[in-house]
Student: 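One structure follows; several queries about it will come next.
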There are 2 protein chains.
Amino acid sequence: MDADGIHGQLDTLILATLKRGEAHGYAIIAALRETSGEQLDLPSGTVYPALRRLERSGYVEGKWTQAGGRRRRVYAITAEGLIALAKGRADWLALREVMASVLGA
Amino acid sequence: MDADGIHGQLDTLILATLKRGEAHGYAIIAALRETSGEQLDLPSGTVYPALRRLERSGYVEGKWTQAGGRRRRVYAITAEGLIALAKGRADWLALREVMASVLGA
DNA sequence: CCTTGATATGTAGCGAGACTACATATAGCC
DNA sequence: GGCTATATGTAGTCTCGCTACATATCAAGG
C-alpha cells in the first residue's frame with residue numbers, strides 16, 4: 001500500500017509510532033514499513049509536512065541532533081499528542097464499526 | 001459520527017448501499033443512517049456531489065423518476081461499480097490490517 | 001390559507017490532506 | 001569519482017468532504 005490508502009489516518013500512525021519512543025522522520029518511515037509488514041511505504045513528501053503540521057499543533061516536539069555529520073530532526077510525542085492519539089484511535093474504532101455494519105461484518 | 005470521519009470511504013459506503021438495490025440520494029443518506037445504527041448522518045452537500053462523481057466515473061447510473069410531483073434521481077450500481085466496490089472493500093481491509101499492526105491489535 | 005417540517009436535489013466556496021516531482025546534502029562503499 | 005543509502009525539505013496540484021446556501025414539492029396543523 002502506498003500512502004494514498006491511509007485516508008486521514010496518517011497522524012494517528014505517526015503518533016502511534018512516536019509513542020514507542022522518539023524518532024526522526026526517516027526512522028519513522030522505516031518503522032512504519034516494518035511494523036506494517038512492508039505494506040506501508042510512505043514518501044518523504046507525505047511524512048515531513050505531516051511532522052511539521054503535528055509540531056505546529058503541539059502534538060510533537062522536534063529538536064535538531066547531529067549523527068556523524070548528518071543532521072536529524074528528532075521528534076517526541078507530547079502530552080497533548082497522547083490525547084490526540086487516544087482520540088485518533090477512538091475515531092478509527094468508530095469508523096471501523098460503521099464500515100463493518102455497512103459492508104457486512 | 002459526522003461525515004468528516006469517513007476519510008475516503010464515502011464512495012465505498014455509497015456503492016455498498018446501492019449494491020442492495022437502486023436508490024435516490026435522500027434514500028441513500030437514510031439507509032446509511034440506519035445501517036450504521038444512527039452513527040452516520042451525511043449532509044446532502046457531501047452525498048450529491050459524490051453521486052455525480054460516481055456517475056462520471058461510470059460506477060453508477062442515474063435516471064430521473066417522478067414520485068407524486070417530486071422528482072427523484074434514482075441511481076443503480078453498474079458492473080464497473082461492482083468492481084470498484086470490491087476494490088474499495090479490499091483497500092479497506094488492507095488499511096484495517098495496517099492500522100491493527102501499528103496501533104496494536 | 002399559511003406556516004412549518006419533512007422530502008428531495010443541488011451549487012459555491014473553502015480548507016485540509018496527501019500526492020508527485022524536485023532540490024539539497026552527507027556518508028559509505030566500490 | 002560515482003552510486004546508493006541516509007536525511008530533510010519545498011512547490012504545486014488534486015481530490016475530498018465541509019458549511020452554507022438556494023430551490024421546490026408535499027403533508028400536517030393551526
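Below, chain A is the first sequence line, B the second, and so on; all start at residue 1.
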Student: Between C:dT20, C:dG10, D:dG9, which nucleotide gets closest to the side-chain atoms of B:Ser44?
Tutor: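 My answer, after comparing the listed nucleotides, is C:dG10.
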Student: By side chain to side chain donor-acceptor pair (under 3.5 Å), which residues pair with B:Glu22, not counting sequence neighbours?
Tutor: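 Listed in chain order: B:Lys63.
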Student: With B:Glu34, which residues qualify under side chain to side chain donor-acceptor pair (under 3.5 Å), at least two apart?
Tutor: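 For B:Glu34, no residue satisfies side chain to side chain donor-acceptor pair (under 3.5 Å) once neighbours in sequence are set aside.
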Student: Is it true that B:Arg73 and B:Glu61 make a salt bridge, defined as a side-chain N closer than 4.0 Å to a carboxylate O?
Tutor: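 Not counted as a salt bridge, because no side-chain N and carboxylate O are separated by less than 4.0 Å.
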Student: Of all residues at least two apart in sequence or in a different chain, which pass the salt bridge (charged side-chain N to carboxylate O under 4.0 Å, His left out) check with B:Arg72?
Tutor: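 Salt bridge (charged side-chain N to carboxylate O under 4.0 Å, His left out) check on B:Arg72 returns nothing, list empty.
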Student: For B:Glu80, give me all partners under side chain to side chain donor-acceptor pair (under 3.5 Å), at least two apart in sequence or on another chain.
Tutor: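 Checked B:Glu80 against side chain to side chain donor-acceptor pair (under 3.5 Å); zero matches.
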Student: Can you tell me the distance, in whole Å, between the NE2 atom of B:His7 and the P atom of C:dA18?
Tutor: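 Result: 8 Å.
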Student: Over how many whole Å does the gap from B:Leu10 atom CG to D:dC16 atom P extend?
Tutor: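 Value for this atom pair: 9 Å.
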Student: Could you name each residue pair satisfying ring-ring contact (aromatic ring centres under 6.0 Å, His included) that touches residues 11-44 of chain B, not counting sequence neighbours?
Tutor: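 As it turns out, there is no ring-ring contact (aromatic ring centres under 6.0 Å, His included) pair with a partner in residues 11-44 of chain B once direct neighbours are skipped.
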Student: With a 4.0 Å heavy-atom cut-off, tell me which residues in residues 25-35 of chain A come close to DNA chain D, sorted by residue number.
Tutor: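 Of all residues in residues 25-35 of chain A, the ones placing a heavy atom under 4.0 Å from DNA chain D are A:Gly25, A:Tyr26.
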Student: Look at the side-chain N and O atoms of A:Arg52 and state whether any lies under 4.0 Å from the OP1 or OP2 oxygen of D:dT10.
Tutor: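 For D:dT10, OP1/OP2 do have a side-chain N/O of A:Arg52 under 4.0 Å.
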Student: Distance check needed: C:dA18 C1' versus A:Leu51 CG, whole Å only.
Tutor: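 So the two atoms are 14 Å apart, to the nearest Å.
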Student: Scan for salt bridge (charged side-chain N to carboxylate O under 4.0 Å, His left out) pairs involving residues 7-20 of chain B, sequence neighbours excluded, and state none if there are none.
Tutor: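 Counting only pairs at least two positions apart or across chains, the salt bridge (charged side-chain N to carboxylate O under 4.0 Å, His left out) contacts touching residues 7-20 of chain B are B:Asp11-B:Arg53.
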Student: Which residues pass the salt bridge (charged side-chain N to carboxylate O under 4.0 Å, His left out) test with A:Arg33, not counting sequence neighbours?
Tutor: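 Residues passing salt bridge (charged side-chain N to carboxylate O under 4.0 Å, His left out) with A:Arg33: A:Asp41.
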Student: In this structure, how many angstroms lie between the P atom of C:dA6 and the CG atom of B:Asp41, rounded?
Tutor: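 Checked: the CG to P distance equals 12 Å.
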Student: Report the nucleotide, chosen from C:dA8, C:dA18, D:dT10, that has the shortest atom-to-atom distance to any side-chain atom of B:Tyr48.
Tutor: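 The listed nucleotide nearest to B:Tyr48's side chain is C:dA8.
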Student: B:Asp91 has an atom CG; how far is it from atom P of C:dA18, in whole Å?
Tutor: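 Going from B:Asp91 (CG) to C:dA18 (P), I get 15 Å.
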Student: Considering only residues two or more places apart or on different chains, which pairs with a residue in residues 54-75 of chain B satisfy ring-ring contact (aromatic ring centres under 6.0 Å, His included)?
Tutor: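 Qualifying pairs, neighbours excluded: none.
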Student: Going by heavy atoms closer than 4.0 Å, what residues in residues 53-63 of chain A are next to DNA chain C?
Tutor: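 Residues of residues 53-63 of chain A under 4.0 Å from DNA chain C: A:Arg53.
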Student: For B:Arg70, enumerate each residue passing the side chain to side chain donor-acceptor pair (under 3.5 Å) test, keeping only those at least two apart in sequence or located in another chain.
Tutor: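 By the side chain to side chain donor-acceptor pair (under 3.5 Å) rule, B:Arg70 matches no residue at all.
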Student: By a strict heavy-atom criterion of less than 4.0 Å, which residues belonging to residues 64-86 of chain B are in contact with DNA chain C?
Tutor: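 Those residues are B:Trp64, B:Arg70, B:Arg71, B:Arg72, B:Arg73, B:Tyr75.
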Student: Taking B:Thr78 for its side chain and B:Gly58 for its backbone only, find out whether a donor-acceptor pair lies under 3.5 Å.
Tutor: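 At least one qualifying donor-acceptor pair exists.
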Student: Could you state the CD1-C1' distance from A:Ile14 to D:dT8, rounded to the nearest angstrom?
Tutor: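 About 14 Å, once rounded to whole Å.
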Student: Can you tell me the distance, in whole Å, between the CD1 atom of A:Ile6 and the P atom of D:dT15?
Tutor: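 The distance from CD1 of A:Ile6 to P of D:dT15 comes to 18 Å, rounded to the nearest Å.
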